[in-house]
Amino acid sequence: MARGKKIYEGKAKTLYEGPEPGTLIQYFKDDATAFNAEKKAVVDGKGVLNNRLSEFFMEGLNSVGVPNHFIKRLNMREQLIRQCEIVPLEVIVRNYAAGSMSKRLGIEEGTRLPRPIIEFSYKDDDLGDPLVPEEYIIAFGWASQQDMDDIVALALRVNDFMSGVMYGVGIKLIDFKIEIGRVWEGDFMRLIVADEISPDSCRLWDIESGQKLDKDVFRRDLGNLTDAYTEVARRLGVLPTNGPAANSTVIN
Ligand SMILES: Nc1ncnc2c1ncn2[C@@H]1O[C@H](COP(=O)(O)OP(=O)(O)OP(=O)(O)O)[C@@H](O)[C@H]1O
Ligand SMILES: [Mg+2]
């Protein structure tokens, strides 16, 4: 499928115009970044794995009725998605304390939270995506109260689905981040899950050993990131036909 002109190049993905109006092609790069891009590397095969894994999770969400932007995978690194207007928030769902929450509150990483906790950060790289209360979001008009209720409901449904799928393959879903987009059907606006769902945007710990199988491997120099993502893909039965490493140099 011919891709149109480049629309946006982000840290992990590039967006191109899609074949039909209202569609985009999302190209998954091998670039890994952390700490607001202060730490960078090229990780062979990461884009291929994330393309596959995001396809797997988005299709699964679709099958349980959680609306999202995924249309179809095009090749090893690209998928066709529905274009939406991204709500400028990172929606974070936490089941266990980790990362910034553990730091801020002094709660040991891995502590089970009393219930899933949702938090929001304002998407602005220059500001380092600061955590914001719902009151700011509504007051500044980034989303309405109704949108926020819908976003929370969507996030909890994603959490239930993802937790169950991961538990089934011996992985604990510690936390994850999603982005939400707006699409219009006539005058009617709907909120759908957009961006990606992959080990870049989740914390995933092996239930038995506690081994980390997510981007913390890169953030904290815990080993080979591709091996960790490959393990997640292997357990889920989602592996590129020829293996990620073998195709990491193929740009198509
Ligand atoms: N369906 C969609 N329609 C429009 N934009 C999308 C869609 N899904 C994801 N995006 C946007 O595409 C970009 C994906 O690129 P990438 O994740 O590499 O960005 P990034 O470097 O993390 O930057 P950003 O701060 O913009 O998220 C993001 O800006 C994301 O918000
Ligand atoms: Mg991003």
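The structure displayed is predicted, hence computed values, not measured ones. Counting starts at 1 for both ligands and their atoms, following the listed order. Both backbone and side-chain heavy atoms feed into the values below; hydrogens, waters and symmetry mates do not.
Using a 3.5 Å distance cut-off with no hydrogens or angles, the side chains of Ser144 and Asp147 do pair a donor with an acceptor. Glu55 and Asn51 are not linked by any side-chain donor-acceptor pair at a separation below 3.5 angstrom, with hydrogens and angles left out of the test.
Closest heavy-atom contact between Cys84 and Gly181: SG-CA, 3.7 Å. The two residues Phe120 and Val152 make their nearest non-hydrogen contact at CZ-CG2, 4.1 Å. Between Arg219 and Lys39, the shortest heavy-atom distance links the atoms O-NZ, 3.3 Å. The two residues Arg94 and Ser100 have their closest heavy-atom pair at NH2-OG, 3.0 Å. In terms of heavy atoms, Phe176 sits closest to Cys202 at CB-SG, 3.8 Å. Heavy-atom minimum distance, Val158 versus Leu61: CA-CD2, 4.0 Å.
Each of the following atoms of ligand 1 lies closer than 4.0 Å to a heavy atom of Leu24: 3 (N), 4 (C). Shown in contact with Gln83 at under 4.0 Å from a heavy atom are these atoms of ligand 1, numbered in order with element: 3 (N). Atoms of ligand 1 found under 4.0 Å from any heavy atom of Ile81, numbered from 1 in the order shown, are 1 (N), 2 (C). Near Asp125, meaning under 4.0 Å from one of its heavy atoms, ligand 1 places the atoms 25 (O). Within the listing of ligand 1, atoms 27 (O), 30 (C), 31 (O) sit less than 4.0 angstrom from a heavy atom of Glu179.
With respect to atom 5 (N) of ligand 1, the closest heavy atom belonging to the protein is Ile86 CG1, 3.5 Å. The single protein non-hydrogen atom nearest to atom 12 (O) of ligand 1 is Leu15 CD1, 3.2 Å, given as residue, atom name and distance. Closest to atom 17 (O) of ligand 1, if we only count protein heavy atoms, is Lys13 NZ, 2.7 Å. The protein heavy-atom contact nearest to atom 27 (O) of ligand 1 is Lys123 NZ, 2.4 Å. The shortest contact between atom 4 (C) of ligand 1 and any protein heavy atom is with Cys84 O, 3.2 Å. Nearest non-hydrogen protein atom to atom 8 (N) of ligand 1 is Asp195 N, 3.1 Å. The protein heavy atom nearest to atom 22 (O) of ligand 1 is Lys11 NZ, 3.6 Å. Protein heavy atom nearest atom 19 (O) of ligand 1, with residue, atom name and distance: Gly10 CA, 3.6 Å.
For Gly181, the heavy-atom gap to ligand 1 stays at 4.0 angstrom or more.
Ligand 1 has a nitrogen or oxygen under 3.5 angstrom from a nitrogen or oxygen of Arg82.
Applying the side-chain hydrogen bond (donor to acceptor under 3.5 Å, both in side chains) rule to Lys29 yields the partners Glu9; only residues at least two apart in sequence or on another chain are considered.
Among Glu119, Met148, Glu134, the one residue that satisfies the side-chain contact (heavy atoms from CB on, under 4.5 Å) test with Leu89 is Met148.
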